[in-house]
Amino acid sequence: MTDFLVIGECVADIVRTPGRADVPHPGGSPANVAYGLARLGRPATLLTQLGEDAAGGLIGARLRDAGVRVLTDRQPGVRTPTAVVTLDGEGRASYAFDFEWTLRPVGLPDQPAHVHLGSVAAVREPGAATVLALAERLRPGASVSYDPNIRPELSGGRTQALARVEHCVGLSDLVKASDEDVAWLYPGEPVGRVAARWLALGPGVVVVTGGGDGAVAFTASAKVAVDAVRTTVVDTVGAGDAFMSAALDALAARSLLGAAGRAALADLDAATLAEVLRHAALAAAVTVSRAGANPPAAAELAAWRGRELAG
């Protein structure tokens, strides 16, 4: 079975809704992806930083309870990052961060089959240098995925962020970004043109999600779009991360990850790519139907799929 190493931040999301008390939720895009993979039955390790504080305890316990192996750099004095997540009347989230990322090099107990990079950890120094060096070292023996999950407040200026994002894209076999990420990085550029630019840097597959508008995937020879799965939206926190976890789950189930799967991933046919996108879109729909970054377990996702097929 494909084993996954996710590298990146943990964040305590303090969810703020008008007229309600603040509610803390474990979060951080890479942590959410690792959690989602474990919920789907995939062996997942998260390399991150966690403070010896209440937020760190909350996040670490949740990850370990799901079966995620949590590794840190054991750096003293680290404070777990927080994000105040404000929800509008339609459940859309905006973020205000208290965030530092200072990951130091660490030894790994084993070589993963797949490495996932994401969000602030891949662009914010000084820790980003450690993330990228590790990904470059592991890439000959592993496939790599990347989700920029742009947070403008934490990404530096657009020019600096774009250079770092494109470096990460060039390391990757699969890139998943939101339409909002694309619009911030490349103002006014059509999604298809950005996808072509990224494919030219090296990935075999580029996926762009559009929330309620579904998702579209690009390879060198195919373009595939799927609709979002309709559901009642409670909030959108963690939806993209659930999509990412489930996409990786679907690719692993088809032996399309790992260094040995790199060529087959790049040659993925349209029908299989559509199956992967539908699996991922269903996981995102489950997640937005309830509060916080709470992706589905494998049995729950199967049950939702059964209802979709029956309906």
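- For D13, the salt bridge (charged side-chain N to carboxylate O under 4.0 Å, His left out) criterion is met by no residue, not counting sequence neighbours.
- Ion pairing between E100 and R124 fails under the 4.0 Å rule for side-chain N and carboxylate O.
- Side chains of E9 and S119: a donor-acceptor N/O pair is present below 3.5 angstrom, by distance only.
- Nearest heavy atoms, R39 versus P296: CB-O, 3.5 Å.
- By the 30° and 60° cut-offs, the orientation of the rings of F99 relative to W101 is tilted.
- Side chain to side chain, H279 and D249 meet the donor-acceptor criterion of an N or O pair below 3.5 Å.
- Under the side chain to side chain contact (heavy atoms under 4.5 Å, CB included) test applied with D147, the options V175, V33, D241 reduce to a single match, D241.
- Taking the salt bridge (charged side-chain N to carboxylate O under 4.0 Å, His left out) definition, one finds that E180 meets it with nothing, sequence neighbours left out.
- Under a 4.5 Å side-chain heavy-atom cut-off, the cluster of Ile, Leu, Val, Met, Phe, Trp and Tyr residues that includes L301 is completed by L40, V229, L282, V286, W304.
- A search for salt bridge (charged side-chain N to carboxylate O under 4.0 Å, His left out) contacts involving R164 returns E125, not counting sequence neighbours.
- Legend: residues meeting salt bridge (charged side-chain N to carboxylate O under 4.0 Å, His left out) with R69, ordered by chain and number and at least two apart, are D110.
- Within the 4.5 Å cutoff, side-chain heavy atoms of P152 are placed close to those of W184.
- Considering only heavy atoms from C-beta on, L5 stays 4.5 Å or farther from H114 through its side chain.
- Using a 4.0 Å cut-off between charged nitrogen and carboxylate oxygen, R305 and E275 do not count as a salt-bridge pair.
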Throw together a table of side-chain donor-acceptor distances under 3.5 angstrom for residues 211-228, partners on residues two or more places apart or in other chains.
| residue | atom | partner | partner atom | Å |
| --- | --- | --- | --- | --- |
| T219 | OG1 | S221 | N | 3.2 |
| T219 | OG1 | A222 | N | 3.0 |

